[in-house]
There are 2 protein chains.
Amino acid sequence: MNEFNEYFKSAFTVDNVIFGFDEGDMKVLLIKRGEEPYKGKWALPGYFVNPAEDLDAAAKRVLGELTGLRNVYLEQVRTFGAVNRHPAGRVITVAYFSLIKISDYAIQASSIAQKAKWHSIARVKDLAFDHKEILQACFNRLKWLVRARPVGFELLPPKFTLTELQHLYEAILETELDKRNFRKKILSMNLLIDLDETQEGVAHRPARLYQFDKEKYEEFLAEGFSFELKESKKKENPLRKNASPSFP
Amino acid sequence: MNEFNEYFKSAFTVDNVIFGFDEGDMKVLLIKRGEEPYKGKWALPGYFVNPAEDLDAAAKRVLGELTGLRNVYLEQVRTFGAVNRHPAGRVITVAYFSLIKISDYAIQASSIAQKAKWHSIARVKDLAFDHKEILQACFNRLKWLVRARPVGFELLPPKFTLTELQHLYEAILETELDKRNFRKKILSMNLLIDLDETQEGVAHRPARLYQFDKEKYEEFLAEGFSFELKESKKKENPLRKNASPSFP
DNA sequence: CCATGGTAGTGTAAAACTTACACTAATTCC
DNA sequence: GGAATTAGTGTAAGTTTTACACTACCATGG
């Protein structure tokens, strides 16, 4: 384990951008720093990687300690290693983001978790270190992702209405969508199960509830992202004007 | 600089997947290892990051020492940090890929460079460490990228024919493209300058030569990837069936 | 100089997809 | 029962994608 003593070694951490969706708004879970540097500032949850721990495992650990959640969507985004990103020395950090259902989240007993709070992404000002930049990079990645895969479902409760789904997409993409076109599109993907239930306790016409069809999605993944609806005879031409897999 | 001595520190490196295009084939520049571990195996060029060096700078340095080239397209892809990826200890590596014009490349005097050789990607078998996996990740990223940005031009000489360009796209996307549709599409982007010259020394009808229009491309980038040709009145709907920027 | 071999270059019609747009339906609350 | 509020629905026009085959041009060799 000390083969590399002749070379410079660095501390390295993982930082986790934990996204949630609530009240029609994309949120991120931040922690108030209790120590210098950047004491009192909000920061992304992160921690040092252990010697016998894979990077992904470290990211999962950070998330688990903070939220108590396992088996959530987690993706590596980019590594930030500018020489001066940490005032006290060289620290390289691998940025991850994860998607959780806020309803599943409960404040953990751990002392770190006590200081955690959800923030609307749009209203996040400056963060400790280069964490604002990391947040932005992760949010951009999420924007990409939401058009390529049905990740939106990771952020919603198991049963949801089409309007809720649309609001989620609007929050991630930071734009407005046409209701009819959105529904047409999303239903044509055949990734939703109509539960034949409706909302309860709302002061207006209740909406139908849907559920994500994980099986269909996996079929679709297995087919290599072809997203071939119906019996289209169309060949997959990767140079289509906008030829990336897209969801919806 | 020793603020973090209480935490585990690791050696870290950058590995660079250097892509080139030649003889209708995508190539990658590999180095034959002269030392254990994996002595005699081919590996990606990489090196340890220096204490006062940003990650990107380290990747550029690796590339420069090996090829003598500067100012080439370089992009971080992902960080590989599995505990056992290096048999002699924990080494975390940040993977980059770069795109170079093979014609610009000349073997450098350095001893490393002497051992470097271009390999057809399709024919690469096993590499040292987890480098095969890194190569694959970078190639996948390139596939994405080529549909989102005109990176292809980084791989071709300044003057090229449409057929050459098409072959490049076919090599990256690992598919065949329709000649007429390809030309229609690529010309409609208005990113090519017709040089009004033709090939010389070919034993058949010589093709017209084109050049990449960097100015137009920068305009286009400034417009926020809108790719709006002509005076289309269409609003940008991010949920279009395949709504990612695409090139061509 | 003509025939051959080989690549360059070109258009169109059908299908698929995207866009724009406005009214009725169902429920609760008062 | 009327008001308020959100759910739900269809169609036509415009744009993009797809499929497809022939002529043009140049060099070479007989």
Side-chain angles (χ1 to χ4, degrees), chain A residues 24 147 159-167 169-170 173 175-189 192 194-210 226-248, chain B residues 24 147 159-167 169-170 173 175-189 192 194-210 226-248:
Chain A
R147 301 196 298 188
K159 299 175 178 189
F160 50 84
T161 70
L162 292 182
T163 303
E164 283 164 358
L165 188 59
Q166 181 179 341
H167 288 333
Y169 274 86
E170 289 175 336
L173 295 165
T175 186
E176 298 204 342
L177 301 173
D178 179 89
K179 183 159 68 158
R180 276 183 287 194
N181 293 339
F182 179 82
R183 283 162 184 249
K184 210 184 312 172
K185 175 119 237 166
I186 206 109
L187 290 174
S188 77
M189 307 250 119
L192 291 186
D194 184 340
L195 290 172
D196 237 326
E197 294 175 51
T198 52
Q199 284 179 306
E200 276 171 29
V202 289
H204 53 78
R205 172 173 178 180
R208 298 183 81 76
L209 292 170
Y210 291 84
S226 66
F227 255 119
E228 284 188 55
L229 315 170
K230 334 241 162 162
E231 301 74 42
S232 159
K233 276 166 298 178
K234 194 180 62 184
K235 269 191 209 158
E236 191 70 18
N237 175 348
L239 291 185
R240 303 224 302 279
K241 175 62 183 278
N242 293 293
S244 59
S246 94
F247 189 90
Chain B
R147 300 198 296 188
K159 299 175 179 187
F160 50 84
T161 70
L162 292 182
T163 302
E164 283 164 356
L165 187 59
Q166 181 179 343
H167 288 334
Y169 275 85
E170 289 175 336
L173 294 166
T175 185
E176 297 205 342
L177 301 173
D178 179 90
K179 182 159 69 160
R180 276 181 288 194
N181 293 339
F182 179 83
R183 282 162 185 249
K184 211 185 309 173
K185 174 121 238 161
I186 206 112
L187 290 173
S188 78
M189 308 250 119
L192 291 186
D194 184 340
L195 290 171
D196 238 324
E197 295 174 49
T198 52
Q199 284 180 306
E200 277 170 30
V202 289
H204 53 78
R205 173 175 176 180
R208 298 183 79 78
L209 292 170
Y210 291 85
S226 66
F227 254 119
E228 284 188 56
L229 315 170
K230 335 242 162 160
E231 300 75 43
S232 159
K233 276 165 297 179
K234 193 179 61 184
K235 268 191 212 157
E236 191 71 18
N237 175 347
L239 290 187
R240 302 222 305 278
K241 175 65 184 274
N242 293 292
S244 59
S246 94
F247 187 91

B:R180: which residues meet the side-chain hydrogen bond (donor to acceptor under 3.5 Å, both in side chains) condition with it, sequence neighbours left out?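 With sequence neighbours excluded, B:R180 shows a side-chain hydrogen bond (donor to acceptor under 3.5 Å, both in side chains) to no residue whatsoever.
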Nearest 0.5 angstrom please: B:F182 CZ to B:L162 CG, how far?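 If we round to the nearest 0.5 Å, B:F182:CZ and B:L162:CG are 7.0 Å apart.
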Round to the nearest Å and state the distance from [X] atom [atom1] to [N] atom [atom2].
| X | N | atom1 | atom2 | result |
| --- | --- | --- | --- | --- |
| B:L177 | D:dT18 | CG | C1' | 13 Å |
| A:D178 | D:dT11 | CG | P | 16 Å |
| B:F182 | D:dA19 | CZ | C1' | 18 Å |
| B:E200 | D:dC25 | CD | P | 18 Å |
| B:R180 | D:dT23 | CZ | P | 12 Å |
| A:E176 | C:dC21 | CD | P | 14 Å |
| A:Q166 | D:dT6 | CD | C1' | 12 Å |

Please examine the side chains of A:L209 and A:Q199, heavy atoms only from C-beta on, and report whether any two atoms are closer than 4.5 Å.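 Result yes, sub-4.5 Å side-chain heavy-atom pair found.
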For residues A:D178 and A:N181, report the shortest heavy-atom separation together with the two atoms involved.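 So the two residues come closest at OD2-N, 2.8 Å.
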List for me each residue that meets salt bridge (Lys or Arg N to Asp or Glu O under 4.0 Å) alongside A:K159, sequence neighbours excluded, and say none if there are none.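 A:K159: salt bridge (Lys or Arg N to Asp or Glu O under 4.0 Å) contacts with A:E197.
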N/O to N/O distances under 3.5 Å, protein versus nucleotides 2-9 of chain C:
| from | atom 1 | to | atom 2 | distance (Å) |
| --- | --- | --- | --- | --- |
| C:dG6 | N2 | B:R205 | N | 3.0 |
| C:dA8 | OP1 | B:T163 | OG1 | 3.2 |
| C:dA8 | OP2 | B:T163 | OG1 | 3.0 |
| C:dA8 | N7 | B:K179 | NZ | 3.4 |
| C:dA8 | N3 | B:R205 | NH1 | 3.2 |
| C:dG9 | OP1 | B:R208 | N | 2.8 |
| C:dG9 | OP2 | B:R183 | NH1 | 3.2 |
| C:dG9 | N7 | B:K179 | NZ | 2.7 |
| C:dG9 | O6 | B:K179 | NZ | 3.4 |

Taking atom types as modelled, find out whether B:H167 and B:E170 have a side-chain donor-acceptor pair closer than 3.5 angstrom.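 A donor-acceptor contact under 3.5 Å links the two side chains.
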Donor-acceptor pair (no angle test) under 3.5 Å: A:K184 side chain, D:dT11 base: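 Yes, the side chain and the base share a sub-3.5 Å donor-acceptor pair.
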